[in-house]
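As a basis for the values below, the full set of heavy atoms in this structure was taken, side chains included, without hydrogen atoms, waters or symmetry mates. Atoms within each ligand, like the ligands themselves, are counted from 1 in listed order.
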Amino acid sequence: MTADLHTHSTASDGTFTPTALVEAAHSLGISLLALTDHDTTAGVSEALATARRLGMSFLPGVELSAEGPPGKCHLLGLGIDPNYPRLIETLRQLSQNRRERNAKIIGRLNALGVAITMDDVLAHAPQGANIGRPHFAATLVAKGAVTDTKEAFDRYLGDEAAANVEKETLSPAEAIALVHEAGGLCFLAHPGLLRRSQHETHESRVRALAVLGLDGIEAYYSSYTPANEAFFLRLAEKLSLLVTGGSDFHGANKPDVPLGVVRYGQPLELTLLPSRLRALAVA
Ligand code: AMP
Ligand code: MN
Ligand code: MN
Ligand code: MN
């Protein structure tokens, strides 16, 4: 029995439709899957219907970008009600923020001499996707402006690169409260990838989020070494936090991250996940 509780579909920046994602998980023998698209639950109902059809356990989820005290992070909401009205309304506003930001990114790319329009990006993205930087990267590659995704981020779209525009997000406190209101548990995504300020440790950051109500951390993650995993498991134990784990599967948008491969090349055994989290599974 294995689980993958961090995946993306065509509703955000993955390349598998929600149906194809659940079918792929099912054929790999994964027994519990969560869909955690960036700032949207638009893929959840389709994924849930497919999970029901296949008799597979499923956790509705979302990965929220957050910025504000105690710092920028990604937060996973797991076991949420995807139809909770204030969640839907907030996600709608975040999509609107993205549309405004995307127009600014186009402006910056044009100013840098790259001929690209928003219609080009939309034409290279799945219908209805919550558009983000990976879609811009794919479009730049398709148009021959760069040779690959890495060059697209290095030259134009990376956090420090010239065409990147910060998105307006929730604060960590707002994101955690929203996930709780929607009935879910809130986890710090991939704490090993956090960008910390000089005086910060992983522990001080996680402690600050715990004060805001964080339920747990993603202690199992596809890019961790055994030492990273042991560190975050110890940290969770020390701070009495729950743990979760996932691959961060994006299909062809992250070709080196296969579905269901969570622990340094191996799957994540379901029994390593806390029962409070497993109890939120549906279907
Ligand atoms: P956005 O939400 O629009 O800011 O886009 C963030 C997404 O871009 C992340 O979830 C990753 O999938 C992807 N991403 C960010 N930085 C890089 C990078 N340096 N190389 C490849 N993909 C990246
Ligand atoms: Mn992504
Ligand atoms: Mn993330
Ligand atoms: Mn992710």
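- Atom OD2 is the N, O or S atom of Asp13 at the shortest distance from the Mn ion (ligand 2).
- When rounded to 10 degrees, the angle formed at the Mn ion (ligand 4) by NE2 (His6) and OD1 (Asp248) equals 80°.
- Checking each of Glu67, Glu160, Glu200 against Arg195 for a salt bridge (charged side-chain N to carboxylate O under 4.0 Å, His left out) leaves exactly one that passes, namely Glu160.
- Taking the six-membered ring where the residue is Trp, His202 and Phe232 present perpendicular rings, their angle passing 60° and hence far from 30°.
- When non-hydrogen atoms are compared, ligand 1 lies under 4.0 Å from neither the backbone nor the side chain of Glu166.
- Ligand 1 has no atom lying under 4.0 Å from any heavy atom of Lys150.
- Considering backbone and side-chain atoms together, His38 places an N or O closer than 3.5 Å to an N or O of ligand 1.
- When Lys254, Glu63, Arg133 are checked for heavy-atom proximity to atom 6 (C) of ligand 1, Arg133 turns out nearest.
- When Asp120, Ile131, Val114 are each tested for a side-chain contact (heavy atoms from CB on, under 4.5 Å) with Phe136, only one passes: Ile131.
- Distance check for His8 against the Mn ion (ligand 2): none of its N/O/S atoms falls below 2.8 Å.
- At least one heavy atom of Pro134 sits closer than 4.0 Å to an atom of ligand 1.
- A heavy-atom separation below 4.0 Å is not found between His8 and ligand 1.
- Linking ILVMFWY side-chain heavy atoms closer than 4.5 Å, directly or via other members, places Val206 and Leu75 in a single hydrophobic cluster.
- Contacts with ligand 1 closer than 4.0 Å are made by side-chain heavy atoms of Asp13 only, the backbone lying farther away.
- In this structure, His74 and His38 have perpendicular ring planes: the angle between them is above 60°, well past the 30° mark.
- Ring to ring, His124 and His135 are not that close: their centroids are 6.0 angstrom or more apart.
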